[in-house]
There are 2 protein chains.
Amino acid sequence: MPKGGARDTRQRLIDAGRKLIATRGFKGTSIRALTEEAGANLGAVTYHFGSKEGLYQAVLEEVVAPFRNQVLLIKDMPLPSLQRVEYFIRGMFQHLRENPDMPRFMVQEIVLGDSPGPQILEIIGLVAPVLIGIIHEGQASGTIRQGDPVLMALSTLSQPIYLSIMPPVLAGEELKKAGVPQPRLSPEDHAVEFVLRSLEAREEEDE
Amino acid sequence: MPKGGARDTRQRLIDAGRKLIATRGFKGTSIRALTEEAGANLGAVTYHFGSKEGLYQAVLEEVVAPFRNQVLLIKDMPLPSLQRVEYFIRGMFQHLRENPDMPRFMVQEIVLGDSPGPQILEIIGLVAPVLIGIIHEGQASGTIRQGDPVLMALSTLSQPIYLSIMPPVLAGEELKKAGVPQPRLSPEDHAVEFVLRSLEAREEEDE
DNA sequence: TTTCATATCATACAAACGTATGAATGAAAA
DNA sequence: TTTTCATTCATACGTTTGTATGATATGAAA
């Protein structure tokens, strides 16, 4: 087998990690399941990543990395605040469409264990200030209503994450049988309208 | 040891399950950790619940049960739609305050595994139609704007869940050091305003 | 070709896991 | 008291777990 083939195995292990850990969790995914999925030897994880935890960190890094740039892009867009919020939401939806496993990893990191890992904290530490900054700016210029910018940012962030996870759940057989209706609109368009209506200042309330 | 002491052990095991599984996950919590936390014998889980899965189901049931009534209460309140939405949000916040482990279990159930367990599906199948019904009614009477009632319900539900999980994360040491500010308002009041502003119909848009 | 570092392989190992078993215990029923 | 039965207990069993080991294979460098 080729020397350059190492990259292949390494990458296939990361791919297997993204696939399996996203839905089974870290503890619920064995090294044997990972190596089998990747078509690699049992020792491959230890060899390439040192440990199962090492592979997990690599997976997390790959899941999170492309999102960093996406955020920084929107950060410095010379647009009105509300429009930048819209771009932010749409950009996040697009990223979640291309990386449907990302919210699963984020949610696992946030809900399980004492505190999220460094990659997730870094992403939060990057995303939150950007959104908060946009909102703060909009408040200063009067296009966004008064209110706590931190909570407004959290509520905004919640929509792409939540609305990319829940509709598939509603589409499950049991819930359809129970008579739970399916969404008709695009979750993305809905999220934009839902958030912007909450954030925008109204004429009658100007101060 | 007393015969009635059985109930004690059984309940202590459920308590231990609520405490440990909420933050470590099902796979991440061993029977030995559970029985030790409960001050019970290793065999206690098998004896009282048949298996680890059996204990988990009992835990899930206890976490979810009191929420059922809460929902049914609001369902038939003779109030304007928007006000019922507000009561819904506040009721959910209160329940999450009293049962801070609930969102962790729900999130685990939804994110991990192929599909959520029956208890969670039941709760969703109960809550969603109620909220959707309220919204639909508000749209009929003109107090709630047009739009997909299912997505509106999802966005409404997202707020108590998300805003009861995230602020503690933001309060973590690493993020505070990174300069992420803390919320100043009460998340509950914010959520109510955020959602109601999104849902309410405005005069200028009346049709 | 020979050398050499890198990567893959089949195994092995100790630890942790969920579960099963049978004896001990002790309050209630006889 | 004796019997009974639900519960607790220490312990054991077979699997699965993450990791370690040493041999083998492979492509580039010498």
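We name chains A, B, ... by the order of the sequence lines, and we start the count at 1 in each one.
A straight line from CD1 of B/Ile31 to P of D/dT8 spans 15 Å, rounded to a whole angstrom. Remark: C1' of C/dC17 and CD of B/Glu53 are 16 Å apart, rounded to the nearest angstrom. B/His48 has its NE2 atom 10 Å from the P atom of D/dC9, to the nearest Å. Going from atom NZ of A/Lys27 over to atom P of C/dG18 covers 11 Å, rounded to whole Å. Atom CG in A/Leu42 sits about 18 Å away from atom P in C/dA7, given to the nearest Å. Note: CG (A/Leu55) to C1' (D/dT19) measures 14 Å, nearest angstrom. Taking atom CD on B/Glu36 and atom P on C/dC17, their separation rounds to 11 Å, with Å as the unit. Between the CG atom of B/Leu13 and the P atom of C/dG18 there is a distance of 13 Å, given to the nearest Å.
Closest to the side chain of A/Thr9, from the set D/dA10, C/dT8, D/dG18, is C/dT8. Set against C/dT19, C/dA7, D/dT7, the side chain of A/Tyr47 has C/dA7 as its closest nucleotide. Among the nucleotides D/dA12, D/dA10, D/dT19, the one closest to any side-chain atom of B/Asn41 is D/dA10.
Remark: B/Glu36 CD is loosely packed, at most 12 non-hydrogen atoms of other residues, nucleotides or ligands lying under 6.0 Å away. Shown here is B/His95, whose NE2 atom has more than 12 heavy atoms of other residues, nucleotides or ligands within 6.0 Å. Around CG of B/Asn69, the count of heavy atoms belonging to other residues, nucleotides or ligands within 6.0 Å exceeds 12.
A/Lys75 places no side-chain N or O within 3.5 Å of a backbone atom of A/Val127 that could act as its donor or acceptor partner. Checking side-chain atoms of B/Arg145 against main-chain N and O of B/Ala201 turns up no donor-acceptor pair under 3.5 Å.
For the side chain to side chain contact (heavy atoms under 4.5 Å, CB included) with B/Ile134, the qualifying choice from B/Pro80, B/Ser81, B/Pro129 is B/Ser81, the only one to do so.
The C1' atoms of five pairs define one axis at each end of the helix from C/dT1-D/dA30 to C/dA30-D/dT1, and these two axes lie 10° apart (to 10°).
A salt bridge links A/Glu61 with A/Arg68: the distance from a Lys NZ or Arg NE/NH1/NH2 to an Asp or Glu carboxylate oxygen falls below 4.0 Å.
Judged by closest nucleotide on DNA chain D, A/Ser30 is the one of A/Thr46 and A/Ser30 placed further toward the 5' end.
Residue contacts for A/Thr29: at a heavy-atom cut-off of 4.0 Å it reaches the sugar-phosphate backbone alone, with no base atom in range.
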